[in-house]
Asker: 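This structure is in structure tokens; I'll ask about it shortly.
The basis for the numbers below is simple: all heavy atoms, side chains too, and nothing from hydrogens, waters or symmetry mates. Proteins get letters first, then strands, A, B, ... in listed order; numbering begins at 1 in each.
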Amino acid sequence: MLREPMGLLGIGLVLLIVLGALFAGLTGYSPSKLAMRDRFLDPSFTHLLGTDHLGRDLFTRVLHGARIALGVAFVATGISFIGGLILGMIAGYGPRWLDSLLLLLFDSLRAFPTVMLALALVTLTGPSLAAVVLVVVLATLPGYARVVRAQTMSLKTTEFVLSARSLGAPSWRILAVHIMPNLIGPLVILVSMDIPVVITIEAGMSFLGLGVRPPTPSWGAILNDGYAFIRESAWPAIAGGLPIIIATLGFTFLGETLRDHLDPRLRQDG
Amino acid sequence: MSGISLSRRQMLAALAAAGFSPALYRSAALAQGGKVLKVRSYADIQNLDPAFRKGAPEDDVMRNIFVGLADMTPGDTWKWRLDAASKLEQTDATHIDFTLMDGLVWSDGHGPVTADDVKFSFERMADPKLDSPYKGDWEVLDHVEVKDDKSGTIVLKAPFPPLWNVGLVFGSGKIVSRKAVEAMGGRFDTKPPAQSGRYLLKEWQPKQRVVLARNPDWKGEAPYFDEIHVIPIEDAKTAELGLEAGDIDYTWVEASSIPRFKKTPPKGGKLAVKPSLAYVWLGMNVEAAPFDKLEVRQAVQKAIDVPSVLEAAYFGAAEPATGIIAPGLIGHREKTLYSFNLDAARELLKKAGLDSGFECTLSILNTTEFTSAAQAVQANLAEIGITVTIQQYDSGTFWSLGDQKSGDSWKKVQLIINRFSMQPDPSFATDWFTPEQIGVWNWERWNSPEFGELNKKAKIELDTQKRNEMYVRMQDLMDESGAYVFLTHGAVGVCTSDKIEPALMPNGNPIFHGFKATA
């Protein structure tokens, strides 16, 4: 994987974001402390990306924003991964009526446009990080579950599963020991490809004021502030947009490279 | 892999189209031969019944689809002029004679506008059974005497100075059709059953636009534009970009943008700066713990460094307010009774048993200006250990937060930053904080019978000096309640396309039917 330029670039960009998030506290500035006298400063050695309309250091806010973006991405996709895996296996291996019921649930959730879903949820719960995670989980889990269901249905008629069943293995054991290991690979590929989507959902919701609350430095919120004051200074908009581009490119390259390596069909095709 | 394939020729054509399209934008707003005016409103309409209008967005539309006996003139001084009346004369302190102009008719076949419609309109505003939030504008109305189809006399119980500055000339003075409104059960919402203004409501697409079309039956001076499109855009910064892109012809801009536009006018537009009468304040719900304790409210009053909040939200383009009544109006105060003092604030919290601080929410309208102000308030209150969570709302939700009839959200309101628009009489500021307005517009739920009494007396007081003292005392009472931190009156920046000659009241309020294209 390290020999492929795309993979290498993906790893580099993702590492950049992860390291930024880890060392966000070392910049010497608070991400939320107001300093009105320093409003709209251009980039310099003191403020690497300049300052925003409230005089806050944009570089610091961008790094702290990485924590939000990665946090939401990993937590939400983690929940979707586990939830999709369990529900998908139940749907694929369980009785027909349960499969129909779960399919109805998955398809109903998938039918909601993400923005509409976000608006409805935020109206009910108010904007928060938890609401963002919930929106992402509801938007992505049905997709994972459907993939897992299809794979499970195909695997349950394979010989190794049939022989395990004929030897009297209980359903939970068949699912956990024989089927699940074969599902993890494709699901990991899917999740890795979805992380940039999740990052943009979080940024989009925060841009619309439906995500984290101010002064929490989400990339979407930084971008929104930058958009509002773009005539005063272009730097806040650049500072909000750049990390979203870096993160989505990084995770996309990484996901595609992972797919190329983990998907046996693509590996064979060369 | 299959997918969309673009030839080099198609790609070049697409790029050329994309690049060329911005050139079309600038002419978009004044399209159709210069006869469509596109204006921005800060919120969508919610109710076009004059008795139940919500605020300026409705006023701006109603001014075009209904007539009153009089309205305000555009210009730099507050003056009224005849609107639907050909004669309007105060014969003594409690009698006003009027005669309607010829040719006024209702839309939708409801016949001519009559003096009986005037009687119905004004008496229903004051009717306690209707319970209009604006009944205070006509509270001294005794009755309207109808002489004939077109003339009558407004009879007051007592002299009433605000009538000429508020009741007669703004939304509360708009005339509705008795026949049409009674057929609707006595009130209506966003579908007026009959209109008589220079324009008619042609179409309302919620959250998208209100389309007003020229009234073919209007017999007075014809307005310039064939249609007015009122587009709700909550965020002023977004609207500023829309104006510069040529998508709209008129918008208010945020005070923070005024210095920049003064230096460099908006692309394709011009800026007018007007003194604002509106007022912005931080309110506290006196029924919501811990703000039910006077010491806590007073601690907040003393912990807010108003200039720092204004610097954050308005970039220094707005002055601190000393109350709800703007400079130049009767009742304006020189200073507040409280002042910024962090030590005193901490002491007050200690007295309230909350010296270790507490958590609370601050509700705001989701705009750049209020979000910046809220963050400054949040930083100020953090200094005395109060942890504030900012809750942003879209305009539809925000404007019903404190309304008891709209649900239970009023119970959750703790701190709130609010802005009320204003008309050129102090009574229009104080009316909203009386005990009767609790759960309507008095979202702080502050109950002061003394304030309510003074409000009634000040309205009918003819001695200007005494009236001034009453309004000053009322604002002192607001200070003493601890429930208010007055922030600013703001500054009104109005940007219009340079192809438009706007008609603006002295505080920048638009009279859209008076807008013209520049010569």
Side-chain angles (χ1 to χ4, degrees), chain A residues 30-40 51-56 61 115-116 118-120 122-131 205-218 220-234 236-237 256 259-260 265-266 269, chain B residues 1 207 234-241 243-244 253-254 256-257 259-261 263-267 305 307-316 361-380 382-383 388-398 409 412:
Chain A
S30 156
S32 53
K33 194 168 177 2
L34 314 190
M36 256 79 82
R37 281 185 197 161
D38 296 335
R39 164 182 295 152
F40 296 132
T51 59
D52 69 3
H53 65 295
L54 296 173
R56 298 171 296 200
R61 283 180 67 74
V115 175
M116 289 295 135
L119 280 171
V122 169
T123 306
L124 289 173
T125 64
S128 67
L129 208 54
M205 283 181 70
S206 296
F207 182 88
L208 294 172
L210 307 174
V212 296
R213 292 183 166 128
T216 310
S218 155
I222 298 169
L223 190 62
N224 186 28
D225 289 343
Y227 162 74
F229 294 103
I230 198 158
R231 301 288 188 212
E232 277 83 359
S233 168
E256 285 189 357
R259 184 194 55 192
D260 294 347
R265 283 164 301 179
L266 288 175
D269 294 344
Chain B
M1 185 182 127
K207 299 262 181 193
E234 286 179 15
D235 193 87
K237 292 282 181 189
T238 307
E240 289 165 23
L241 295 173
L243 183 103
E244 293 196 280
V253 298
E254 289 202 340
S256 60
S257 299
R260 175 170 62 86
F261 283 138
K263 209 167 146 194
T264 317
K267 196 177 143 201
D305 176 23
S308 77
V309 177
L310 301 187
E311 186 58 39
Y314 302 96
F315 292 13
T361 60
L362 168 57
S363 303
I364 56 163
L365 192 60
N366 187 14
T367 66
T368 312
E369 192 173 278
F370 286 132
T371 307
S372 298
Q375 289 180 78
V377 166
Q378 187 182 47
N380 280 179
E383 296 283 327
V388 175
T389 302
I390 298 169
Q391 293 185 322
Q392 299 152 286
Y393 296 94
D394 68 282
S395 66
T397 314
F398 180 82
S409 54
K412 292 179 197 154

Asker: What do you reckon, is NZ of B:Lys207 surrounded by more than 12 foreign heavy atoms closer than 6.0 Å?
Answerer: yes
Asker: Against chain A, label B:Thr371 side chain, backbone, both or neither, depending on which of its atoms sit under 4.5 Å from a heavy atom there.
Answerer: side chain
Asker: List the atom pairs, donor and acceptor, that lie under 3.5 Å between side-chain atoms in residues 225-234 of chain A and the rest of the protein, sequence neighbours left out.
Answerer:
residue, atom, partner, partner atom, Å
A:Arg231, NE, B:Glu244, OE1, 2.6
A:Arg231, NH2, B:Glu244, OE1, 3.4
A:Glu232, OE2, B:Arg260, NE, 2.9
A:Ser233, OG, A:Trp235, N, 3.2

Asker: Any idea which heavy atoms bring B:Ala312 and A:Arg39 closest together, and the distance?
Answerer: CA-NH2, 3.7 Å
Asker: Testing the basics here: between A:Pro215 and B:Gln375, what is the closest heavy-atom pair and its distance to 0.1 Å?
Answerer: CB-OE1, 3.2 Å
Asker: Measure the CG-CG distance between A:Leu34 and B:Asn380 for me, rounded to the nearest 0.5 Å.
Answerer: 8.5 Å
Asker: Find the distance between CG (A:Leu208) and CG (B:Asn366) and round it off to the nearest 0.5 Å.
Answerer: 9.0 Å
Asker: What part of B:Phe315 is in contact with chain A, defined as an atom under 4.5 angstrom from a non-hydrogen atom: side chain, backbone, both or neither?
Answerer: both
Asker: Does any heavy atom of chain B fall under 4.5 Å from the side chain of A:Arg56, the backbone, both, or neither of them?
Answerer: side chain
Asker: Examine whether an atom of B:Gln378 lies under 4.5 Å from a heavy atom of chain A, and if so say whether it belongs to the side chain, the backbone or both; otherwise answer neither.
Answerer: side chain
Asker: Who passes side-chain contact (heavy atoms from CB on, under 4.5 Å) against A:Glu256, sequence neighbours left out?
Answerer: A:Met193, A:Thr252, A:Arg259
Asker: When only pairs under 4.5 Å are counted, which of B:Asp235, B:Leu241, B:Thr264, B:Asp394 shares the most heavy-atom pairs with chain A?
Answerer: B:Leu241
Asker: Measure across B:Gln392 and A:Pro214 and return the closest heavy-atom pair with its distance rounded to 0.1 Å.
Answerer: OE1-CD, 3.2 Å
Asker: Spell out, as yes or no, whether a donor-acceptor pair under 3.5 Å connects the side chain of A:Arg213 to the backbone of B:Ile390.
Answerer: yes
Asker: Measure B:Ala236 against the heavy atoms of chain A and call it side chain, backbone, both or neither at under 4.5 Å.
Answerer: neither
